[in-house]
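First listed ligand is number 1; within each ligand, the first listed atom is number 1. None of these values were measured; they are calculated from a predicted model. FYI, the numbering just counts along the sequence from 1.
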Amino acid sequence: MILQKVNQPQDLKTLSQEELLQLAQELRSEIIRVCAQNGGHLASSLGAVELIVALHRVFDSPRDRLLFDVGHQAYAHKILTGRKEVFHTIRQEGGISGFTKVSESEHDAITVGHASTSLANALGMAIARDTLGENYHIVGIIGDGALTGGMALAALNVIGERKPKLLIILNDNEMSISENVGALNRYFREYQTKKWVQDTQKWGKQVLEGISPRLFNLVDRAKEAAKLMLHQENPFYAWGIRYVGPVDGHDLPGLIHILEQIKELDGPTLLHIVTQKGKGYGVAEEDPIYWHGPPGFNPQKPEKVSKGYSWSAAFGDAVTELAYREPRLFVITPAMREGSGLVKYSQTHPERYLDTGICEDVAATVAAGMALRGLKPVLAIYSTFMQRAYDQIIHDIAIENLPVVFAVDRAGIVGGDGATHNGVFDIAYLRTVPNVQIAAPKDALELRAMLKKALELGGPIAIRYPRDNVEKAPEGAWPEIEWGRWEVLKEGSKAYILAFGKTLKYALEAAQDHPEIGVINARFLKPVDKGMLEALALEGYKLVTTEDHQKMGGFGSAVLEALNELGLKPDIRVLGLPDVFFDHGSIPRMHREAGIDAAAIRAALAEMGVSLQTVG
Ligand SMILES: CC(=O)c1sc(CCOP(=O)(O)OP(=O)(O)O)c(C)[n+]1Cc1cnc(C)nc1N
Ligand SMILES: [Mg+2]
């Protein structure tokens, strides 16, 4: 086993070419083994194995800085940089992160999880290096999906002008999570579709002329392509960036050779490598979408597993049905078709579906444009990724009170993806924006009711739901909902728990068998239901709010502000996530630690003197 001899990157310097090739295979086996037990970003990491071996062979981490965009493809990097003994803990409770993380290793140049940040970060590092008169290499490794992000494209614009010595590696596997989208992606597909360009170049014109005019034309196209390959129209040249490629991203000796050739070039160089997502593992090569981030599996007999009926599926079913009833409905996703439950919708309503690529800011303002011109856009977006569209929500949507519905998925702590992916700020950052309303359904039926009503009401409305399974709503069910009104789920004689989303189950659990404790489905978070709140306070009930969101600025804050406006001071406790980041791990454990679960609710009630007699 070569891997046994490798503990740090410098151990690669003495390996022979055969040993490096063997090492790549061993890395692949280890990534498959660990992803089989833990789940994780399998296909992306398999596709980057040769690249990472070549990088650590040619460059000297941690002196040289390797910046992995998104950081989900860096499993081989983690193994090669002193973490092979703990790699089996990846994404697990107390284990290493599934992304690169500065605080985890000196070899991790950036802490990531959100896409498209590596190039701006690399530019900043290059400026720091040059300003301080230091001398080391900086390499930004970015996928074709991440390159659809505005941050990445804008960074290229600055890099091309400032021209620091910087290597950018475009890892192009034609995939984001779904198939990749965008004009740049199309450019690379059309003009460097490797096979026919290489074939025609190989055959030569005279051979083809003798065969048939059709093939002759093929050569002309190849000539055209060659002209493009000579960068006549290559966009990177417009950005002032040297373009090298495309090259085979799995040809380890070739990669090492070319990296050694271009390593010392001055100014910014982009090396375009073409890889296969899932390389080296059949099922992942065949279906890089499912195997982008699978749950655990049997490595000898890998099979797709159903993760149950999720809130995302409930949303997808709802908009798919709604689109037949509402011809102006248009659904937008920023590169999260599968994650947002939109595969079926994209097939049944392709003419009213847009995947913008990984650019939430663009997606939000496209929705604004649609709304300004008579459509009813629904932007399907994860809470954490909606952070990228904050100014667009304010500036392009809320000021004019445009009818845009935000279907906010993954609201709350998400588990394995950790701090970069938790959806725990959206209530706070949306609540402060005038005209924006925020709702949280308790089940799939209520989600349908809210979606339908939101499209009728108009204005910017966020409907948020957690990463969780939910009971499927009957097809065709479109219940009404009293907009803005909370719902009493259980009467109480002394206290009420105000909850929504995942914490509703904690509230019902805390109140179970306790007649003195009532539960309210506080399904409208902005505006809160002041009428019901006033009645509860005036009748002297003790109140507990609980939310899977930062306490600061969350739902509980909204309730306190409303009580203050009402001039009421009931005995109340606000439970929410403390002012820290929650890393990857078990959601129930984090909820317990954060003090938002049933035990915490009961403790808060006891502390307010509500004795819990158990009945029944
Ligand atoms: C992990 C995660 O959240 C990923 S990985 C990924 C595809 C990246 O494609 P790329 O071509 O860059 O890499 P590849 O997988 O090797 O093909 C997306 C869209 N996401 C979700 C996502 C959405 N939006 C933002 C801002 N960041 C992230 N990370
Ligand atoms: Mg890709």
Going by distance alone, is a donor N or O of one side chain under 3.5 Å from an acceptor N or O of the other, for [X] and [Y]?
| X | Y | result |
| --- | --- | --- |
| Asp417 | Tyr382 | no |
| Asp409 | Ser340 | no |
| His137 | Lys263 | no |

Enumerate the atoms of ligand 1 whose separation from the nearest heavy atom of [X] is less than 4.0 angstrom.
| X | result |
| --- | --- |
| His114 | 27 (N), 29 (N) |
| Glu360 | 23 (C), 24 (N), 25 (C), 26 (C) |
| Ile358 | 8 (C), 19 (C), 23 (C), 24 (N), 25 (C), 26 (C) |
| Asn173 | 14 (P), 16 (O), 17 (O) |
| Ser44 | 14 (P), 15 (O), 16 (O) |
| His41 | 1 (C) |
| Phe99 | 1 (C) |
| Gly143 | 10 (P), 11 (O), 12 (O) |

Taking [atom] as the reference point, the nearest protein heavy atom with its distance:
| atom | result |
| --- | --- |
| atom 2 (C) of ligand 1 | His421 NE2, 3.8 Å |
| atom 29 (N) of ligand 1 | Gly113 O, 2.7 Å |
| atom 12 (O) of ligand 1 | Ala146 N, 2.9 Å |
| atom 22 (C) of ligand 1 | Phe385 CZ, 3.3 Å |
| atom 27 (N) of ligand 1 | Ala115 N, 2.8 Å |
| atom 26 (C) of ligand 1 | Arg388 NH1, 3.3 Å |
| atom 7 (C) of ligand 1 | Ser176 OG, 3.4 Å |
| atom 11 (O) of ligand 1 | Gly145 N, 2.7 Å |

With no hydrogens and no angle check, is any side-chain donor or acceptor of Tyr75 less than 3.5 Å from a backbone partner on His41?
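Yes, the answer is positive, given that a donor and an acceptor are paired below the 3.5 Å cut-off.
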Ignoring hydrogens and angles, tell me if any N or O in the side chain of Thr384 forms a donor-acceptor pair with the backbone of Gly423 under 3.5 Å.
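Judged by distance alone, no pair lies under 3.5 Å.
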In this structure, is the centre-to-centre distance between the rings of Tyr345 and His349 below 6.0 Å?
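For His349 and Tyr345, the ring centres are under 6.0 Å apart.
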May I ask you to check whether Tyr243 and Tyr237 place their ring centres under 6.0 Å from each other?
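Not close enough - the centres of the two rings lie 6.0 Å or further apart.
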Please state whether the rings of [X] and [Y] are parallel, tilted or perpendicular, taking 30° and 60° as the class boundaries.
| X | Y | value |
| --- | --- | --- |
| His77 | His56 | parallel |
| Trp291 | Phe297 | perpendicular |
| Phe188 | Phe236 | parallel |

Judged on heavy-atom distance to atom 20 (N) of ligand 1, which of Asn171, Ile177, Leu170, Asp144 sits nearest?
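It is Ile177 whose heavy atom sits nearest to atom 20 (N) of ligand 1.
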Out of curiosity, is Gln73 lining ligand 1, as in a heavy atom under 4.0 Å away?
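It does not; every heavy atom stays at 4.0 Å or beyond.
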With Thr148 via side-chain hydrogen bond (donor to acceptor under 3.5 Å, both in side chains) - residues at least two apart
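In terms of side-chain hydrogen bond (donor to acceptor under 3.5 Å, both in side chains), with neighbours along the sequence ignored, Thr148 is linked to no residue.
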With a 4.0 Å cut-off on N to O distance, would you call [X] and [Y] a salt bridge?
| X | Y | value |
| --- | --- | --- |
| Lys78 | Glu30 | no |
| Lys101 | Asp583 | yes |
| Glu50 | Arg57 | no |

So what's near the Mg ion (ligand 2), protein N, O or S atoms under 2.8 Å?
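For the Mg ion (ligand 2), the protein N, O and S atoms that sit under 2.8 Å away are Asp144 OD1, Asn173 OD1, Met175 O.
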For a quick test of reading the model, state the closest non-hydrogen atom pair linking Val408 to Ala462 and the distance between them.
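Smallest heavy-atom distance, with atoms named: CG2-CB, 4.1 Å.
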